[in-house]
Every structure is written in structure tokens, then in C-alpha cells.
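Reminder, nothing fancy here: chain letters follow the sequence lines and each chain counts from 1. Heavy-atom basis, side chains included; hydrogens, waters and symmetry copies ignored.
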2 protein chains.
Amino acid sequence: MKDIMLDERTKRVLCAVVESYIEKPEPVGSRYIMKKYGFDVCSATIRNIMSDLEDEGFLFQPHTSAGRMPTDRAYRFYVNYIFQESIRSQSEEIKRYIESLTKRLRKLRNDMNSLFLETTQSLSQFTKYLGLALLPETDKTTLHRVDFIKFRDDLVIAVVVNDKGIVKNKIIKAYPGITQQELNSLADFVNSKYQGKAFEEIREDLFTRIKREKIFWDKLISKILKMCQQALYFSREDLYISGLYNIMHLPDFSDIEKLREIAKTIQDRHILIKLFESISEEDEIKIIIGDENPFEELRNLSIIASPYKEKDKSLGVIALVGPKRMDYQRAIMLVNAFAKSLTETLSE
Amino acid sequence: MKDIMLDERTKRVLCAVVESYIEKPEPVGSRYIMKKYGFDVCSATIRNIMSDLEDEGFLFQPHTSAGRMPTDRAYRFYVNYIFQESIRSQSEEIKRYIESLTKRLRKLRNDMNSLFLETTQSLSQFTKYLGLALLPETDKTTLHRVDFIKFRDDLVIAVVVNDKGIVKNKIIKAYPGITQQELNSLADFVNSKYQGKAFEEIREDLFTRIKREKIFWDKLISKILKMCQQALYFSREDLYISGLYNIMHLPDFSDIEKLREIAKTIQDRHILIKLFESISEEDEIKIIIGDENPFEELRNLSIIASPYKEKDKSLGVIALVGPKRMDYQRAIMLVNAFAKSLTETLSE
DNA sequence: TGTTAGCACTTAAATATCTGGAGTGCTAAA
DNA sequence: TTTAGCACTCCAGATATTTAAGTGCTAACA
């Protein structure tokens, strides 16, 4: 839906309504707007403007003779209106906060898990919304080292460390009678050949080898290579979520039904993971308001998400999830600043 | 508080009130008890009995002229009363369920994470309470293998696999210039010397070596040994919690304040971990009702917890956490059966 | 033509009032 | 010791009543 041309005063009224509603979730009246936001026309005029805005689908009344509340469209307009301002300027409070945060994050740069836990917790604590972080996708990192550990029978535990220091492990089936010796040489082979290479590249290389082996050589080797290939693939499932307790204090989630929705969202992480995976491809901070969400389950929420990077290569996403009646200005500032801070920390 | 002698009929009335309240959380009246539970005395008699029970602290009235509700003491009496019955007999429904569960669990016995996730999820799904599991304590398991991986600067990632196939990793500080070669031989040394030994034993052995080295020999070796010791110690923090969404559907948690409490409990896992650690030392299933809980934060809840073992050695705990108005019979049966099932699976 | 003052009208939310019913406690008789 | 009977209590739900916020509309005004 394209933006209709609104004259300056109408825009100001619209933003005033949105801001007032963000501050306090109650229908906003014309007189209140006039006085609080210093308009020097009388309330009837504001009333006319609000009526027009209702016709355009920016506002609605919960019932006749009540004040008006913003629609998703109004939030979208508002966000577009303040966006530039939000990512450019930072309040003194936030500036100081970010500074101290960056220091703390730097100390954790060698321990990804603590790093992202701290990030999501801080995000949530500072906004009272849910703070989320999708860890760097394994496929966007490079292999640091792999170890194969014989476990039981024909099982092998593959322990993979990437260049970010994230350790993953996977249980894979080998063949009966495989020895730790054999596994050691296999690991040596993989490490010497592939250390520092991207996972996808490695898997592809293994693939061509498998093909070759299959046609000309040993079936056993082909099997082992396949095992390696398996060991080096990880689906994305590392999503940190902090702040359930915080979000429960918002009036927007004061009724059980809404809380259940949130709980379900947190439980079914894969939806959020899918969403954030798509966002991690984006270049900039992304704001998804209510209805705009591709996933129906999330249409009662707003999401501010930003990729974080390592030298221009997007690794993952951090985000805030909150009510549509969100303090967008603050949320955008923060997510943006956090993403920058993380990017810096990771690019060092 | 010791049990007061109650005559048989009084006991029956008390249990009836508790069961009625468990079934439906509303004050229970004398006439209702009489009819529903087939007493062949008139309601006035029941009334007198209930009045006596109130004097003894088993029941209370939310207000004069209302029915009565059980106190924590009543729940405790009830649980003691039905306990033997609960762990001995099993309903057909549960029997069949446990059978199919055991089959499923057996398939996962090589993958502890999936095993315990499945366990807690099933526990919760079947009861609508929170299903919890504390993973086997590292110190109760033995070392299967350790690997030291040089990471950045003077950092080393220690990857430790225990005999349960649980992989843990830890970032430790070595000294600048340490090489992967050195780390490999160190790992070889530890593996050949300590594989199959209990972690505590290993750490102790290392401790005596450190002492010896410190006095007579190389400071460097002493430092390395210390590093090993560090690498082989893990504080307990693996607690699985499933079913937040389920528990939100109980009428007991229909108001926000109570939900917040639950959310806080889930967030501050260390309290639960502490509690379960102490329970894992017990030999049998343990039932903690409301007030009995050593931690104040949990006094609005009831907890049914049982250690699971490997050949008589207690490894960890599984548990149900729910409202005090819990279906104890069912909960006890289930936790007991699950623990047995796990014990079997792990002892194979 | 846009703005304003004024007023009737609408609606939800808060408050007060009433009523039925569930359940008790007590007493006196069996 | 149990029972029948009855007065009494208190909540919950239904029904009015009031209050306050806010609108929409009209007619006058700049």
C-alpha cells in the first residue's frame, strides 16, 4: 500500500496519536492531543483531522464515542517518519549504555555463548521486550578443527570447532569395527586439508571426491567421506531468547491468551529461526510490524531485527520482539547500536 | 508436625475433599462430599467432621459459610495415604504409555540430549505440568576422551566427552605460544592415563601431581596440569524444562502474577538445579508440597522428583513441577515409571 | 473555506442495589 | 453420636444508575 500524501499538520497529529498510545495504551482523544502536543487549533479541528485519518485507515475507534487507536498502518507510517532520526541520533543515556556494553562484549569475544547470552539479556533488560539472537550460521564460518571420537559400537561423535570458537557435536554412524586410530588419521586428513575453509566449500569438495571414489575406487573410502560430509553439516538451531519475565510486565500481555501466544512462539523456535534466517540476508536493520509478518503466528507482535556482521559478511541476527505498541524509536536505536557493537567485536 | 490419629471415616472425608478439590478447584461442601463419595451419613455429620478437620489444620474456608479447601497439610496427608498404592499399581493407560515410551527412549540412548528432551516433553504433555530433567552430573560419569584445541592467542578449547556421550567444552587460558602439537601430546597423555576413570578421581590425581611438580620440578608442567584440572571440572547447569505452554492452561495459573512466578522460576534455573542436586542424592522418589520446599520461591508449587540411576548409582533427576492442587496419584505414578524407564535405558 | 463554539448523543466503566443459592453453625430431638 | 431443621452469612451474578470521556454535527465566524 503506497503512502497517501498527508499535509504536515495531519502527519503531526498522526505521530502524536501514535506516540501517545505507545506511552499509554488507551484510546487517544482530540482534546488530549491538542493540549499535550501543543497544537494551537481547537479540539474540533483535531477531531476533523482524526476523522480523516480514520477514513484513510490510520486510526480506528474501539467503539463510537471513544478516542482513537493507531492501526498497523499508522505504526508503519510512524516508523518510516522517525526512522532516519532513530538510527542517526542517540540519546545520551543510550550512548553511555552502549559504550559500557561494548566494553563488556569485548571481554567475551572469545566465548560466543556468553557473548550472545549477555547480548540478549541486555537487550531485554533495557527495553523490557524479548531479546533474541541467532548465532552465526555454521555455513558462514570456517572450519577450525574437527575431531572424531569413537563412542559405542559403530557410533562416532564428531566434534567440530569453527573459527568463532563455537563447538558443535554430532553423533554419526560409521561402520562396525572402526578404530580410534583410523578416526584420528581421518581427522588429521580433514584438518590439514580443510582448516580455514568454509563449510560449504568443504562439503562440495567432499562431494566431488565421493563421486570419484564411487566410480573408480573404494566403497569404504566413499563411505567415510560421506560420514565427513554429514559431520560437517549443521542445521541452524541456536537461537537465544531472553526476557520472558520482563515481557510479562507489559500491559499488552496482561491477559493470559496473549501470554500463551508468546509462550508458544518461544516454544516453537523454528518459526523465529526461519524468519531470522531470511533477515540475516538483508543488509540493514529490518522492522516488521504486526500484519506485515510473513508468519501468521507473529502478527500480533512487532519485530526489530538487525544482522550483525564480520567484515561485511552477515553472520546472524539480533532482534527485539515486543508488542506492536512498541517504543520504536528506542528499540530501533538499541538494536542498531547493539548490532554495530557486535559487528565491531567480531571483526576485531 | 507429626500425624494426629484420625479415625477411618475422618480420613476418608479428608481424602474426598482433597480429591474433589484436585478435580475442580472450588470450595468443597459437605452435601457434595456426602453424595459424590457415597457416605451414608447425613451432611450434618460430614459437616461436623470437616469442622474438626479445620481445627486440626487440614482444611480452611475462604470465608464463613463457604465450602472448604485443603491446606498443604491436607495434601501431605493425602500423598502419604495414597503413596504406596501410587507407586505399586499402574492404570492400564499409563502402563501402555510407559511401554511405548520405553521403546522410544531406548532408540535415543546414544544421544543424551534428545533422550532428555523427549523425556521432559513427554512428562509435560502427559500431565500438563512442567517436565524437568537434570542431566547426569559430569562428576558421576567417567572420562571417555578429551581434546585440546588451540584457539586464539593463549586460549585453548577443551572438549570433553564422558561415557554417556555428553560433550562439554570449556575455554581455558594456557600460555602464549603453546602449540597444537603440545596440546595433542597432552591430550594423548590424559586419554591414555585417565580414560574410563571418574572425573573427581582424575582431578585428585592431577592435584597430587601438581603438588609434586610444584615442589620439585617444572613450573610449566605444573601450569599445564592445572589447566587439565580446570578443563575437567564442570559445574552443573544442564537442566531441561518443558511445558511452559501446557502449564499456562491450568486454572491455577490463570492469573498473571502466578505466571510471572513460574517464569521467574524457569529463568533462575540455579534454584531448581540446587534443589534437584540435593534430591539426586536421595534414593527414592521425593515429593515436596508447597510449604515444605526449602526454597521460598517454590512454596506455591508442588514437586515430584525422582533420581534416575545407572546400576544403582544415581546420575540425575527427573521431575514434575505443578500447582499444589496436583493430581498426585497420576504424577507420582508417571515420574516413578519414567525414572525406571530411564534407569533401564541407561543401565543397558 | 477552514475553524471554532456549543451541544446532543453514545458508550464503557465505575458504583450501587438486589436477589438467589450454596453452605455453614447451632440447637434440640432421636 | 447422629440427624433434622432453621437462621444466618456471604458470594456471585444480574440489574440499574451514575459518571466521565469523547465524538459528530450544526451553525456561526474569520
Side-chain angles (χ1 to χ4, degrees), chain A residues 4-14 16-21 23-71 74 251-252 254-255, chain B residues 5-14 16-21 23-71 74 251 254-255:
Chain A
I4 282 171
M5 276 309 284
L6 303 173
D7 69 67
E8 201 50 44
R9 192 176 61 181
T10 309
K11 285 183 191 171
R12 269 182 63 213
V13 170
L14 180 50
V17 174
V18 172
E19 275 174 19
S20 165
Y21 191 74
E23 195 182 333
K24 197 146 148 285
E26 275 167 18
V28 185
S30 54
R31 220 173 103 81
Y32 182 81
I33 287 292
M34 179 201 80
K35 291 179 79 175
K36 179 92 178 239
Y37 292 83
F39 285 90
D40 44 6
V41 290
C42 98
S43 68
T45 308
I46 304 280
R47 211 139 59 226
N48 289 333
I49 295 173
M50 284 169 80
S51 175
D52 293 346
L53 283 169
E54 179 161 6
D55 293 342
E56 298 295 348
F58 288 106
L59 301 177
F60 73 96
Q61 294 176 289
H63 57 85
T64 27
S65 91
R68 289 180 165 91
M69 291 149 75
T71 61
D252 311 79
S254 64
D255 96 277
Chain B
M5 276 310 283
L6 303 174
D7 70 68
E8 201 51 43
R9 192 177 61 181
T10 309
K11 285 183 191 173
R12 270 183 62 213
V13 170
L14 180 50
V17 173
V18 173
E19 275 175 17
S20 165
Y21 191 75
E23 194 182 333
K24 198 147 147 286
E26 276 167 17
V28 184
S30 54
R31 221 174 103 80
Y32 182 80
I33 288 291
M34 179 201 78
K35 292 179 79 173
K36 178 91 177 241
Y37 291 85
F39 286 89
D40 44 7
V41 289
C42 96
S43 69
T45 308
I46 304 279
R47 209 137 61 225
N48 289 332
I49 296 173
M50 284 168 80
S51 175
D52 293 346
L53 283 169
E54 179 160 6
D55 293 342
E56 298 295 348
F58 289 106
L59 301 178
F60 74 97
Q61 294 177 289
H63 56 85
T64 28
S65 93
R68 288 178 166 93
M69 291 150 75
T71 61
S254 64
D255 97 277

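Side-chain nitrogen and oxygen atoms of T64(A) include at least one within less than 4.0 Å of the OP1 or OP2 phosphate oxygen of dT11(C). An OP1 or OP2 oxygen of dG25(C) is reached within less than 4.0 angstrom by a side-chain nitrogen or oxygen of R68(B). For T45(A), no side-chain nitrogen or oxygen approaches OP1 or OP2 of dT3(C) to under 4.0 Å. Phosphate proximity of dT23(D) to S30(A): present, with a side-chain N or O under 4.0 Å from OP1 or OP2.
Put simply, CZ on F39(A) is 13 Å from P on dT4(C), counting in whole angstrom units. Nucleotide dG2(C) holds its P atom 18 Å from the CG atom of D40(A), rounded to whole Å. Counting to the nearest Å, the C1' atom of dA14(C) and the CD atom of E26(A) are 14 Å from each other. For H63(A) and dT10(C), the NE2 to P distance is 14 Å, given to the nearest whole Å. When rounded to the nearest whole Å, the span between CZ of R47(A) and P of dG2(C) equals 18 Å. We find that CD1 of I49(B) is positioned 11 Å from C1' of dT1(D), with the value rounded to whole Å. With rounding to whole Å, Q61(B) atom CD is found 13 Å from dC11(D) atom C1'. Atom-to-atom, CE of M69(B) to P of dG23(C) comes out at 14 Å; the value is rounded to the nearest Å.
Side-chain N or O atoms of S30(B) include none that pairs as donor or acceptor with a backbone N or O of I46(B) at under 3.5 Å.
Contact between P62(B) and P27(B) at its shortest, heavy atoms only, is CG-CG, 3.9 Å. Nearest heavy atom pair, residue F58(A) against residue A74(A), reads O-CB, 3.1 Å. Nearest heavy atom pair, residue V17(A) against residue M50(A), reads CG2-CE, 4.2 Å.
For S51(B), the listed nucleotide lying nearest its side chain is dG25(C); candidates were dT3(D), dG25(C), dT23(D). Distances were taken from every side-chain heavy atom of R9(A) (C-beta onward) to each of dT23(D), dT3(C), dT4(C); the shortest belongs to dT3(C). With dT2(D), dT4(C), dC11(D) as the choices, the nucleotide that has an atom nearest any side-chain atom of N48(A) turns out to be dT4(C).
A cation-pi geometry, defined here as NZ or CZ lying under 6.0 Å from the six-membered ring centre and within 45° of its normal, holds between R12(B) and F39(B).
Between S65(B) and V41(B), the residue anchored closer to the 5' end of DNA chain D is V41(B), taking for each the nucleotide with the nearest heavy atom.
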